[in-house]
Amino acid sequence: MGSEVPSLSSVCAILNQEETRKKAMGVECKTISTNFESNALMVDRKKDINKQPKVNKMANNVTSDIDSVPLDTPISVGQLAKLLQQLNQRDLDHMIVPIVLNEPGWLSLPDEGNQFNHHNEQEANGSLSNKKKVTVVFVLGGPGSGKGTQCANVVQHFGFTHLSAGDLLRAEIKSGSENGTMIQNMIKEGKIVPSEVTVKLLQRAMQESDNDKFLIDGFPRNEENRAAFEKVTEIEPEFVLFFECSEEEMERRLLNRNQGREDDNIDTIRKRFKVFLESSLPVVEYYGAKGRVRKIDAGKPIEEVFETVKAIFTPISEKVKCYLRISLFVISIVDTHRHTIVKGGTVFGCVDAATAPAMANRISIKMCRMLQNLQVATTEAAGHNLG
Ligand SMILES: Nc1ncnc2c1ncn2[C@@H]1O[C@H](COP(=O)(O)OP(=O)(O)O)[C@@H](O)[C@H]1O
Ligand SMILES: O=c1ccn([C@@H]2O[C@H](COP(=O)(O)OP(=O)(O)O)[C@@H](O)[C@H]2O)c(=O)[nH]1
């Protein structure tokens with residue numbers, strides 16, 4: 001097995017090739033049946049992480065020198081797929097899942113000894129001046145596209161702290177700060193407040209928070225904002241959530257927002273739209289060119305929009321674990337005669353922290369699909385073949 005880590009695109013290309021090959025060979029996909037028995041064994045390596053697991057002992061003696069947690073009742077392929085999905089949600093860094101399947105497979109995730117361990121942990125993030133490491137997601141979109149509404153949902157489900165640049169500026173006006181009048185005038189005109197003011201407020205809010213995951217909503221609004229933020233905080237966003245919505249819909253929403261905001265009148269709204277198109281969209285394009293933009297169709301009802309948002313955040317919430325998990329999964333595919341079919345199979349890896357979550361998501365989906373499509377062999381085969 002090579003130690004080189006292939007890029008995401010080459011992995012995807014291999015997956016596609018394999019799918020095409022399977023189709024061409026007429027390998028039929030079996031449907032899930034609860035009668036299929038699997039021989040998954042789960043081994044908790046937490047207490048013995050440095051030791052090479054003696055996988056071939058597992059089937060016969062699950063309580064060998066590894067602290068093992070066998071699934072002693074046979075489970076269906078569907079249940080196994082569900083279980084793997086659940087791994088996304090749990091702290092199971094040190095788990096190995098040997099699975100033996102009785103048909104040719106096309107996916108192998110080797111235990112390459114933590115090749116993705118933490119080495120990229122800081123990429124796409126940054127640290128504040130008090131050395132606190134943070135993860136930042138920028139939330140951008142036109143006025144009224146639903147940024148604040150969806151941020152509240154993300155806070156509830158994913159434990160982020162929501163920092164609305166607009167709210168921080170409005171609080172600054174209320175606090176009677178020396179900048180208050182200037183900020184108020186800018187907001188009334190739909191103009192962008194100077195970067196140093198907004199960046200300072202954001203930085204202070206992050207430093208004062210106990211959290212290390214932030215949704216920064218409505219910022220950066222122009223290139224100057226973006227550059228100033230990166231320079232001062234040395235933080236690069238994990239990604240940019242971009243809400244796309246028509247002006248007609250945004251206008252309707254703003255005029256009904258009813259929060260007593262001075263800028264939610266038709267004149268200021270039109271000015272804000274113009275500023276958004278001219279100054280804020282280039283920021284989205286900048287991150288788009290870096291592959292960091294996650295575009296959302298924000299014209300749909302709130303619940304539907306959140307479904308899309310949720311899908312984007314699910315792997316991120318488990319970022320580090322995602323790529324640890326990939327490296328620690330062992331999937332061995334053998335035939336009914338106990339011969340390993342995948343020899344030096346596809347080595348999966350992640351090139352950087354930014355692609356890791358997306359890739360982990362893809363792989364677990366692929367894995368689940370694969371598991372749903374293959375029948376699982378007998379329990380004894382596990383120990384025999386995985387050694
Ligand atoms: N998907 C949606 N469909 C309909 N109304 C929405 C939707 N998302 C938000 N709203 C409403 O539109 C208004 C503007 O939403 P808000 O989240 O404050 O936008 P933003 O923060 O982007 O300015 C609010 O009154 C909100 O309740
Ligand atoms: O980083 C920011 C965020 C907001 N604003 C000002 O605050 C207003 C309201 O912004 P907010 O994000 O609260 O509302 P939205 O326009 O997105 O509904 C904007 O029009 C700007 O005048 C700003 O200058 N810089």
Side-chain angles (χ1 to χ4, degrees), residues 136 138-156 162-174 179-206 214-230 232-233 237 240-281 283-284 296-310:
V136 161
F138 286 150
V139 183
L140 297 177
S145 57
K147 302 182 292 296
T149 305
Q150 295 301 331
C151 282
N153 285 334
V154 174
V155 166
Q156 261 197 345
H162 176 204
L163 299 179
S164 154
D167 285 351
L168 289 171
L169 290 168
R170 282 182 287 272
E172 191 67 359
I173 301 171
K174 273 205 186 138
N179 286 321
T181 315
M182 179 272 289
I183 298 172
Q184 190 167 24
N185 289 334
M186 301 293 273
I187 291 182
K188 241 189 252 169
E189 285 304 309
K191 291 184 180 156
I192 298 169
V193 172
S195 300
E196 74 240 35
V197 175
T198 320
V199 169
K200 212 182 273 171
L201 292 173
L202 287 168
Q203 194 181 27
R204 192 170 68 199
M206 284 192 282
F214 299 96
L215 291 173
I216 296 192
D217 161 12
F219 178 95
R221 267 181 143 80
N222 60 14
E223 271 297 298
E224 193 216 348
N225 274 180
R226 183 196 63 72
F229 182 85
E230 282 186 14
V232 172
T233 64
V240 175
L241 201 57
F242 173 49
F243 288 89
E244 216 172 26
C245 193
S246 70
E247 282 196 5
E248 300 77 63
E249 175 64 14
M250 293 194 287
E251 190 178 297
R252 214 176 1 254
R253 291 180 190 177
L254 290 175
L255 292 174
N256 288 322
R257 181 149 60 177
N258 246 341
Q259 286 177 355
R261 276 177 50 169
E262 270 192 300
D263 57 346
D264 279 350
N265 59 75
I266 194 65
D267 284 348
T268 315
I269 288 171
R270 297 256 155 94
K271 286 181 191 162
R272 285 153 72 199
F273 284 162
K274 190 162 182 283
V275 170
F276 173 71
L277 288 177
E278 288 171 1
S279 305
S280 310
L281 270 185
V283 177
V284 177
I296 305 281
D297 177 357
K300 295 180 180 163
I302 294 176
E303 299 72 29
E304 283 181 40
V305 176
F306 187 55
E307 281 309 304
T308 325
V309 171
K310 202 154 68 177

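All ligand and atom numbering here is 1-based and tracks the order in the structure. What's counted below: heavy atoms across the whole structure, side chains too, no hydrogens, waters or symmetry copies.
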Of all the atoms in ligand 2, which lie at a distance below 4.0 Å from a heavy atom belonging to Arg170?
-> 9 (C), 13 (O)

Atoms of ligand 2 close to Lys147 [distance to a heavy atom under 4.0 angstrom, numbered from 1] = 17 (O)

Thr198: numbered ligand 2 atoms lying under 4.0 Å from its heavy atoms | 1 (O)

Option of least heavy-atom distance to atom 22 (O) of ligand 2 (set: Met250, Lys191, Gln184) = Lys191

Counting heavy atoms under 4.0 Å, the part of Asp217 that contacts ligand 2 is neither

Sorted by chain and residue number, the ring-ring contact (aromatic ring centres under 6.0 Å, His included) partners of Phe219 (sequence neighbours excluded) come out as Phe229

Between the protein and ligand 1, which nitrogen or oxygen pairs come in under 3.5 Å, and how far apart is each?
| residue | atom | partner | partner atom | Å |
| --- | --- | --- | --- | --- |
| ligand 1 | 1 (N) | Arg253 | NH2 | 3.3 |
| ligand 1 | 1 (N) | Lys300 | O | 2.8 |
| ligand 1 | 1 (N) | Ile302 | N | 3.4 |
| ligand 1 | 3 (N) | Arg253 | NH2 | 3.3 |
| ligand 1 | 17 (O) | Gly148 | N | 3.3 |
| ligand 1 | 17 (O) | Thr149 | N | 2.8 |
| ligand 1 | 17 (O) | Thr149 | OG1 | 2.5 |
| ligand 1 | 18 (O) | Arg257 | NH1 | 2.9 |
| ligand 1 | 19 (O) | Gly146 | N | 3.2 |
| ligand 1 | 21 (O) | Gly148 | N | 2.9 |
| ligand 1 | 22 (O) | Ser145 | N | 3.3 |
| ligand 1 | 22 (O) | Gly146 | N | 3.0 |
| ligand 1 | 22 (O) | Lys147 | N | 2.9 |
| ligand 1 | 22 (O) | Lys147 | NZ | 2.9 |
| ligand 1 | 23 (O) | Gly144 | N | 2.9 |
| ligand 1 | 23 (O) | Arg257 | NH1 | 3.0 |

Under 3.5 Å donor-acceptor, Ser279 side chain and Asn222 backbone = no

With sequence neighbours excluded, residues passing side-chain hydrogen bond (donor to acceptor under 3.5 Å, both in side chains) with Glu244 | none

Any N or O of Leu169 that comes nearer than 3.5 Å to an N or O of ligand 2?
-> no

Using a 3.5 Å cut-off and no angle test, enumerate the donor-acceptor pairs between side-chain atoms of residues 299-308 and protein atoms at least two apart in sequence or in another chain.
| residue | atom | partner | partner atom | Å |
| --- | --- | --- | --- | --- |
| Glu307 | OE2 | Lys310 | NZ | 3.3 |
| Thr308 | OG1 | Glu304 | O | 3.3 |

Could you tell me which atoms of ligand 2, counted from 1 in the order shown, lie closer than 4.0 angstrom to a heavy atom of Arg257?
-> 18 (O)

Please determine if Arg252 and Glu248 form a salt bridge, counting it only when a charged side-chain N lies under 4.0 Å from a carboxylate O.
-> no

For ligand 2, which atoms have a heavy atom of Gly218 less than 4.0 angstrom away?
-> 1 (O), 2 (C), 3 (C)

Check ligand 2 against Ala165 and write out every atom of the ligand that is under 4.0 Å from a heavy-atom position of the residue.
-> 1 (O), 2 (C), 3 (C)

Would you mind running through ligand 2 and noting each atom that sits below 4.0 Å from a heavy atom of Val193?
-> 23 (C), 24 (O)

Determine, using heavy atoms of Glu189 and all atoms of ligand 2, whether some pair is separated by less than 4.0 Å.
-> no

Do Lys274 side-chain atoms and Ile269 backbone N/O form a donor-acceptor pair below 3.5 Å?
-> no

Is any NZ, NE, NH1 or NH2 atom of the basic residue among Arg272 and Asp264 found under 4.0 Å from an Asp or Glu carboxylate oxygen of the other?
-> yes

